[in-house]
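Here the structure is laid out as structure tokens; the discussion comes afterwards.
The chains referred to below are lettered A, B, ... by the order of the sequence lines, with proteins before strands, and numbering in each begins at 1.
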Number of protein chains: 2
Amino acid sequence: MVGKPVLYGFDGSTYVRTVRMVLADKGIEYDQVPVNVLAGEPRQPEHLKRHPFGKVPVLDIDGIRIRETDAICRYLEDIAPKPPLVPDDARARARMNEAIGLIDSYGYGALVGVAGYHLFPDFIGGQNEAARERAITDSQTLLTLLMENRNGAGWLAGDKATLADYFLGPIMFYVALTPDADAVMSVDGVKDWWEAMQAHATFAVTAPDLG
Amino acid sequence: MVGKPVLYGFDGSTYVRTVRMVLADKGIEYDQVPVNVLAGEPRQPEHLKRHPFGKVPVLDIDGIRIRETDAICRYLEDIAPKPPLVPDDARARARMNEAIGLIDSYGYGALVGVAGYHLFPDFIGGQNEAARERAITDSQTLLTLLMENRNGAGWLAGDKATLADYFLGPIMFYVALTPDADAVMSVDGVKDWWEAMQAHATFAVTAPDLG
């Protein structure tokens with residue numbers, strides 16, 4: 001690696017935490033520029049130059065700038081393969097990739113809809129009871145499928161934590177702080193998974209400081 | 001491979017076409033169940049059992065069911081690595097993964113917003129002039145970034161077509177049919193890329209029948 005990478009994004013972002021977990025696992029030192037999502041900082045001109053759709057994380061590494069969490073994590077996996085965060089087995093890898101796709105496309109919106117209602121309503125456009133109920137239902141639908149696909153394994157895609165768990169864990173962290181945690185966590189298999197996640201070393205050390 | 005895979009989704013879906021291109025490249029024969037997105041079929045109970053969020057494509061293969069285009073394509077790449085649709089080089093792979101993330105998160109909505117306004121307005125919630133203008137601007141923003149990252153290479157992530165091109169090509173196919181094609185295609189580099197895409201063998205053979 002050429003020089004220290006620079007991570008743009010604040011610790012409160014679930015996607016930034018995903019990248020921070022990977023960096024911690026791989027033992028990669030980095031500098032961080034804390035772009036605060038809740039304060040609208042990603043939409044400032046300075047950050048729009050880095051990511052034209054105003055999102056975090058962005059990682060400058062090895063002379064290139066990579067946007068989007070999935071691309072960043074896979075690059076880190078490529079340059080620092082240990083410990084592996086992508087399963088060896090093609091089927092488990094399919095489950096990991098499917099879980100990431102499902103979380104990105106439906107899970108994030110649903111779970112952040114639940115968490116945001118209670119914790120950061122301005123970020124989700126204000127408190128709306130119907131939206132909250134739909135978010136709970138969608139969260140349960142997503143988790144039911146992920147747990148079925150998990151099929152008794154220790155983690156979402158096999159017996160070791162993978163990028164899929166790293167996408168879900170930081171979002172569940174916020175859901176777990178809300179009165180709706182019981183409803184969301186009631187899906188078969190979620191409680192076991194969540195206990196394993198909380199006990200995961202780099203999950204614990206990357207918890208955002210909630211003040 | 002155990003038996004013939006079954007692909008759920010109709011030829012009009014851009015994401016289904018992405019998977020069909022990969023299957024064609026790899027020479028994998030399959031059966032197809034044409035779930036029609038424009039007719040709302042993915043939201044019918046029969047398909048919700050396959051994909052609880054009512055989306056296509058879904059692929060049944062080797063005794064497992066895989067949802068989400070990215071996961072399906074990567075599994076096909078794993079079991080049938082030739083011809084390669086993922087670059088060997090880690091940086092090019094990062095560019096491919098970044099492009100897929102950007103297309104999924106911002107490009108699809110913007111480009112389908114442009115195409116849908118003219119071609120399938122019901123699918124995008126009706127014709128709205130402000131939404132159309134925003135979709136054109138966002139499409140240009142996305143394509144500007146993708147073309148900068150392309151950095152003079154023949155394709156989005158290097159000198160061979162990759163999954164990133166397979167995500168973008170089927171969406172651009174619809175944009176190219178509209179009066180807004182010139183505005184979207186005016187971004188530096190897009191015309192060259194689009195010519196290469198149209199000349200690509202499995203892109204040509206997977207064109208949807210527009211009647």
Side-chain angles (χ1 to χ4, degrees), chain A residues 15 48 50-55 58-59 61-81 86-110 137-138 140-146 148-149 151 157 164, chain B residues 15 48 50-55 58-59 61-81 86-110 137-138 140-146 148-149 151 157 164:
Chain A
Y15 281 121
L48 287 173
R50 299 177 198 126
H51 192 309
F53 291 97
K55 298 287 176 174
V58 171
L59 187 71
I61 186 167
D62 292 342
I64 57 172
R65 170 164 286 172
I66 312 177
R67 299 147 198 96
E68 300 300 294
T69 304
D70 185 72
I72 293 170
C73 292
R74 289 177 197 266
Y75 182 76
L76 294 172
E77 183 74 10
D78 276 338
I79 62 162
V86 171
D88 277 341
D89 172 67
R91 282 171 190 236
R93 209 155 44 230
R95 286 292 173 241
M96 181 195 84
N97 291 328
E98 182 184 19
I100 291 173
L102 292 165
I103 293 164
D104 262 348
S105 296
Y106 325 104
Y108 180 85
T137 305
D138 285 349
Q140 292 169 331
T141 300
L142 180 273
L143 292 169
T144 299
L145 177 55
L146 294 183
E148 280 172 12
N149 282 348
N151 198 21
Chain B
Y15 281 121
L48 286 175
R50 298 178 198 124
H51 191 308
F53 292 97
K55 298 288 176 172
V58 171
L59 187 71
I61 185 166
D62 293 340
I64 58 171
R65 170 164 287 170
I66 311 177
R67 300 149 197 93
E68 300 300 295
T69 304
D70 185 71
I72 293 171
C73 292
R74 289 177 198 265
Y75 182 77
L76 294 171
E77 183 74 11
D78 274 338
I79 63 162
V86 171
D88 276 341
D89 171 67
R91 283 172 190 234
R93 209 153 47 229
R95 285 293 172 239
M96 182 196 84
N97 290 328
E98 181 183 18
I100 292 173
L102 292 165
I103 293 164
D104 262 348
S105 297
Y106 326 104
Y108 180 85
T137 304
D138 285 349
Q140 292 169 331
T141 300
L142 180 272
L143 291 169
T144 300
L145 177 55
L146 293 183
E148 279 172 11
N149 281 347
N151 197 20

Side-chain heavy atoms of B:Asp70 within contact of B:Glu68, under 4.5 Å: no

Salt bridge (Lys or Arg N to Asp or Glu O under 4.0 Å) against A:Asp78, all qualifying residues, sequence neighbours excluded: B:Arg93

Approximate separation, where rounding is to 0.5 Å, of B:Glu98 CD and B:Ile103 CD1: 10.5 Å

Region of B:Leu145 in contact with chain A, defined by heavy-atom distances below 4.5 Å: side chain

Under 4.5 Å from any heavy atom of chain A - which part of B:Asn149: side chain

Under 4.5 Å from a heavy atom of chain A, the part of B:Thr69 involved: neither

Interface moiety of B:Leu142 toward chain A, non-hydrogen atoms closer than 4.5 Å: both

Partner chain B: residue of A:Ile100, A:Asp104, A:Asp62 with the largest heavy-atom pair count (under 4.5 Å): A:Asp62

Max heavy-atom pair count under 4.5 Å with chain A, selected residue of B:Asp138, B:Ile79, B:Thr144: B:Asp138

Structural part of A:Arg74 lying under 4.5 Å from a heavy atom of chain B: side chain

Set of residues satisfying ring-ring contact (aromatic ring centres under 6.0 Å, His included) with respect to B:Tyr106, sequence neighbours excluded: A:His51, A:Phe53

Side chain / backbone / both / neither for B:Arg95 at chain A, heavy atoms under 4.5 Å: side chain

Closest contact, heavy atoms only, A:Arg65 versus A:Val58: CG-CG1, 3.7 Å

Most chain B-contacting option - heavy-atom pairs closer than 4.5 Å, from A:Ala90, A:Ala99, A:Ala94: A:Ala90

Worked check of side chain to side chain contact (heavy atoms under 4.5 Å, CB included) between B:Asn97 and A:Ile66: CA-CA 9 Å; B:Asn97 290 328; A:Ile66 312 177; over 6 Å; no

Contact summary for B:Met96 and B:Pro87, nearest pair of heavy atoms: SD-CD, 3.7 Å

